[in-house]
Amino acid sequence: MKSHFERIAIAALVTGVMALGSAGAVKTPAADAVTARIVVEPVPNLRPDFMKGVDVSMVDQIEKSGGVFYNARGEALDVFAILKENGVNCVRIRLWNKPVYEKDVLDQDGKVLARKGEAMGGGNNDIETDIRMAKRVKAAGLQFMLDFHYSDSWADPGKQYMPQDWKKLSPAKLEKAVERFTRDTITRFTDEGASPDYVQIGNELNSGFMWPVGQLWSPDPAVKIGGMKSFLRLLDRASRGVRSAKGGEHIKIIVHLADGTRQDLYSWFFDNVEKAGIDYDIIGLSYYPYWHGTIDALRANLAMISKRYGRNMAVVETAYAFTEENGDFQENVFKLYSDDEHGYVPSVQGQATLVRDCIAAVAGVKGGMGVCYWEADAILCPGAHLSSTEGNTWENQAMFTFDGKALPSLAVWNLVSGTGAVENVWGGSAQNGSQFVPYALSAPVTATVKRGESPELPLKVKAVFTDDSERMADVTWESRDWKHEKAGFLRVKGQFSDPLFAASSCTIEASVTVSDAVSGSD
C-alpha cells in the first residue's frame, strides 16, 4: 500500500516574501496609491517630438459634476496644466455625432433608466463640448487629437452604430454626409482657434463603421452588410473631409484598429486601405495587455507594419490599473495581465512601467511616433459615468486617485525622457532609475517525484521585479544527492543567476517533502 506522502512536493519561495499566486507582488491599495514611491527607467534616444498623449474626453462632464483635479503640490489646478507639467504634449478627445438617447431606455422590469433626448453620458462629446475642451488644450500649449467615432455613442470592434440622423440615408447620400460632417466640424474647430493637429477618421475600425453600410463582417449571415468596398468609400470620404476642411492640409490623418498585436488583422485591413489609395498619415493601434497580449507581440506587429507600409505608427489607446480595487457600485473592466513569461502588477509602479514599456516598444521601431493613454481622467464623480445608466468602469485605470489627486505614475511622461522627478505632498514620489531586481515569484513553482528520483526543478521562473513587471529569470539550484535523501522535510536553495541582476541577494528556497515510498515500488 502506498503511503500518504507518496511524492515529493516542491514549492519555490523567495526568501522572506510570500509567493502564493499573485500574492507575492506588492499591490497598491487605492487609499495608499498617491503615497507610492516609484522608479521609471528612461527610454534611450527618445525623440523630442515623440507624442506623449492622454485621452481625457470625460473632463468637461467631470468638472460640471463637481470633479476637481490636484497636482503633486496638492493644488486644485486646471487638468491640462497638470498634464503638461507631467510631460504630456498631446490630448485626445472623442467626438460623437448626437450623444442623446434616440428612445427611452428601460431595464428588464420596464423601469425607465433614461428618457428619449437625454444626454447619454460618457463625456457627452458633441461638437460644442469638444470645442470647449479643445480651446483649453490649445491654451495650455498642447497638441490636439480629434477622434471621430461617426456614431452617437461608443464605437469599437463590437459596436459601430449608425448615427440616428443618418439612418435613412442612401449609401451615396451617407458618403456625402460623412465628408460634409468631417469638413464642417474641423472648420468649426479651426475658426474657434482650436484646429486639430491629428484627426482619427473612425475609432477601432476592425469591423468597419456606420453599420450596416460600412460593416466589414457579421457573425449573422442573414444581415446584409456593405462590405469592404462600401467601407472604403466611406473611409475615403472621411479622409477627403479632413483635407478639404480649413487648415486640413496640415492635419495628420490616423486610421485606427484595436487588437494591436494581431499581424493578420493589420495586414488584411491595411492591404485593402493601401490598395484603395486612401489618403492617411498614421496607423493607430489600441494595446491593452490584458486583452491583446505581450509587449513583444506589440513590437513584432509594429515591425511588420513599418516594413510592409512604411507609415508612421502610434499606440493611440493603452492603459493599466494602479489598483485592483473598485471605487463605486459598477464593476471595472480591468483584468490582471500575466502570461507564461510576462506580466505587470496592478500598482502605481506597474501602471508606470507598462506605459514606459509601451513607449519603448513604439519608439524602438522605425516610424514609431507616439503613445496615448486612454481616459487618464476617469476619477469618481457622481453624475460623470461612462454612460448615464451605469457607473464608472475605469477609475482604477485613471492616472489620478479616485478623488482626483495626481498619481506618481503620471510623471512617467517626463521620466521616460530622463526629467521631471516628483515628490508630492502626500509622501509619494517618482524618479528615474534602472537595474531592477526580483523581489517575489509570480506563482509557486511545483514538481513531484518519488523518493530516490531527482526532481526537475525549473531553470527559469517568472519573477516580479522592483519595477512591478513580471518576467522570466534564470535560476541555479544547489546540488543534492537525491538518491539517498531520507523521508522528511527539506529546503533546497536557489539563486537568481541571470547576469542582468546577479548583484541581487534575493534567493529562492524550495520546500521539499520526501515520502517513504521508493522509486519503482508499488
Side-chain angles (χ1 to χ4, degrees), residues 47-57 59 80 83-84 87-96 123 125 127 129-131 133-150 155 178-179 181-205 209 235-236 238-258 260 270 273 278-287 302 305 309 311-318 358-359 362-363 367-376 413:
R47 50 194 266 190
D49 63 343
F50 190 87
M51 180 200 296
K52 302 172 182 176
V54 295
D55 187 308
V56 288
S57 297
V59 160
F80 299 108
L83 295 174
K84 184 176 182 180
V88 171
N89 60 20
C90 183
V91 168
R92 178 183 188 250
I93 301 173
R94 60 181 164 269
L95 176 69
W96 291 329
N125 293 103
I127 294 174
T129 298
D130 284 9
I131 285 175
M133 287 190 286
K135 286 181 175 180
R136 294 169 60 189
V137 171
K138 289 293 188 175
L142 302 170
Q143 291 187 316
F144 168 43
M145 183 191 302
L146 181 62
D147 176 17
F148 283 90
H149 279 221
Y150 298 115
V178 169
E179 182 172 350
F181 176 73
T182 306
R183 180 186 63 244
D184 293 351
T185 298
I186 293 171
T187 297
R188 277 206 60 191
F189 276 94
T190 301
D191 287 343
E192 295 280 354
S195 177
D197 299 278
Y198 306 93
V199 167
Q200 275 190 225
I201 49 174
N203 190 74
E204 296 190 329
L205 298 173
F209 56 4
L235 190 68
D236 180 60
S239 175
R240 291 173 184 269
V242 177
R243 291 292 183 240
S244 61
K246 188 175 182 179
E249 67 274 14
H250 303 300
I251 293 172
K252 301 297 184 184
I253 298 175
I254 302 172
V255 178
H256 172 210
L257 296 183
F270 282 101
V273 170
I278 304 296
D279 181 6
Y280 76 105
D281 303 288
I282 298 167
I283 292 176
L285 308 87
S286 289
Y287 171 67
L302 290 166
I305 293 169
Y309 306 112
R311 299 277 184 174
N312 284 334
M313 298 159 290
V315 169
V316 294
E317 290 188 28
T318 192
C358 190
I359 290 172
V362 175
M369 48 79 65
V371 169
C372 185
Y373 192 95
W374 196 77
E375 284 295 2
W413 306 102

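- Gly368 approaches Arg47 most closely through the heavy-atom pair O-NH1, 3.8 Å.
- Counting non-hydrogen atoms of neighbouring residues, nucleotides and ligands closer than 6.0 angstrom, the NZ atom of Lys252 reaches no more than 12 such neighbours.
- Note that the CE atom of Met133 and the OG atom of Ser57 stand 6.0 Å from one another [nearest 0.5 Å].
- The two residues Asp55 and Cys372 make their nearest non-hydrogen contact at N-SG, 3.7 Å.
- Using a distance-only test at 3.5 Å, with no hydrogens or angles considered, a donor-acceptor pair links the side chain of Thr190 to the main chain of Lys246.
- With sequence neighbours excluded, the residues forming a side-chain hydrogen bond (donor to acceptor under 3.5 Å, both in side chains) with Asp281 are Arg243, listed by chain and number.
- The side-chain hydrogen bond (donor to acceptor under 3.5 Å, both in side chains) check on Asn89 picks up nothing, with sequence neighbours excluded.
- For the salt bridge (Lys or Arg N to Asp or Glu O under 4.0 Å) test, residues two or more places apart in sequence or in another chain that qualify with Asp147 are Arg92.
- Side-chain atoms of Lys52 come within 3.5 Å of backbone N or O of Trp413 as a donor-acceptor pair.
- Between Phe189 and Phe144, the two ring planes are tilted [angle within 30° to 60°].
- Between Asp236 and Ile278 the shortest side-chain heavy-atom distance falls below 4.5 Å.
- Contact check on Arg94 versus Glu375 returns a salt bridge, with a Lys/Arg side-chain nitrogen under 4.0 Å from an Asp/Glu carboxylate oxygen.
- For Tyr309, the side-chain hydrogen bond (donor to acceptor under 3.5 Å, both in side chains) criterion is met by Asp271, not counting sequence neighbours.
- Evaluation of the salt bridge (Lys or Arg N to Asp or Glu O under 4.0 Å) rule for Arg188 yields Glu128 as partners, not counting sequence neighbours.
- Atom OG1 of residue Thr185 and atom CD1 of residue Ile127 lie 3.5 Å apart, to the nearest 0.5 angstrom.
- No side-chain heavy atom of Met51 sits under 4.5 Å from any side-chain heavy atom of Val316.
- At distances below 3.5 Å, at least one donor-acceptor pair connects side-chain atoms of Lys138 with backbone N or O atoms of Ser195.
- Shortest non-hydrogen contact noted between Ile186 and Pro196 is CG2-CD, 4.2 Å.
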Q: Decide side chain to side chain contact (heavy atoms under 4.5 Å, CB included) for Phe270 and Val273; before the verdict, give the C-alpha distance in whole Å, the side-chain angles of both, and the deciding distance to 0.1 Å.
A: CA-CA 5 Å; Phe270 282 101; Val273 170; 4.2 Å; yes
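- Looking at Leu285, Asn312, Ile282 one by one, the single match for side chain to side chain contact (heavy atoms under 4.5 Å, CB included) with Ile254 turns out to be Ile282.
- No donor-acceptor distance shorter than 3.5 angstrom exists from the side chain of Thr182 to the backbone of Val242, with no hydrogens or angles considered.
- When the side chain to side chain contact (heavy atoms under 4.5 Å, CB included) test is applied to Ala258, the partners found at least two apart in sequence or on another chain are Pro157, Glu204, Asn206, Ser286.
- Atom CZ of Arg240 has 12 or fewer heavy atoms from other residues, nucleotides or ligands within 6.0 Å.
- The closest side-chain heavy-atom distance from Tyr373 to Val88 is not below 4.5 Å.
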Q | From CA spacing to verdict: side chain to side chain contact (heavy atoms under 4.5 Å, CB included), Tyr198, Ile251 | A | CA-CA 5 Å; Tyr198 306 93; Ile251 293 172; 5.6 Å; no
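- Side-chain contact between Arg136 and Val91 is absent, with no heavy atoms from C-beta onward closer than 4.5 Å.
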**Q.** Stepwise side chain to side chain contact (heavy atoms under 4.5 Å, CB included) test for Phe209 and Ile201
**A.** CA-CA 10 Å; Phe209 56 4; Ile201 49 174; 5.7 Å; no
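- The side-chain heavy atoms of Phe50 and Val362, taken from C-beta on, include a pair separated by under 4.5 Å.
- To the nearest 0.5 Å, atoms CD1 (Ile283) and CZ (Arg311) are separated by 7.0 Å.
- With hydrogens and angles ignored, the 3.5 Å screen pairs no side-chain donor or acceptor of Ser239 with any backbone N or O of Leu235.
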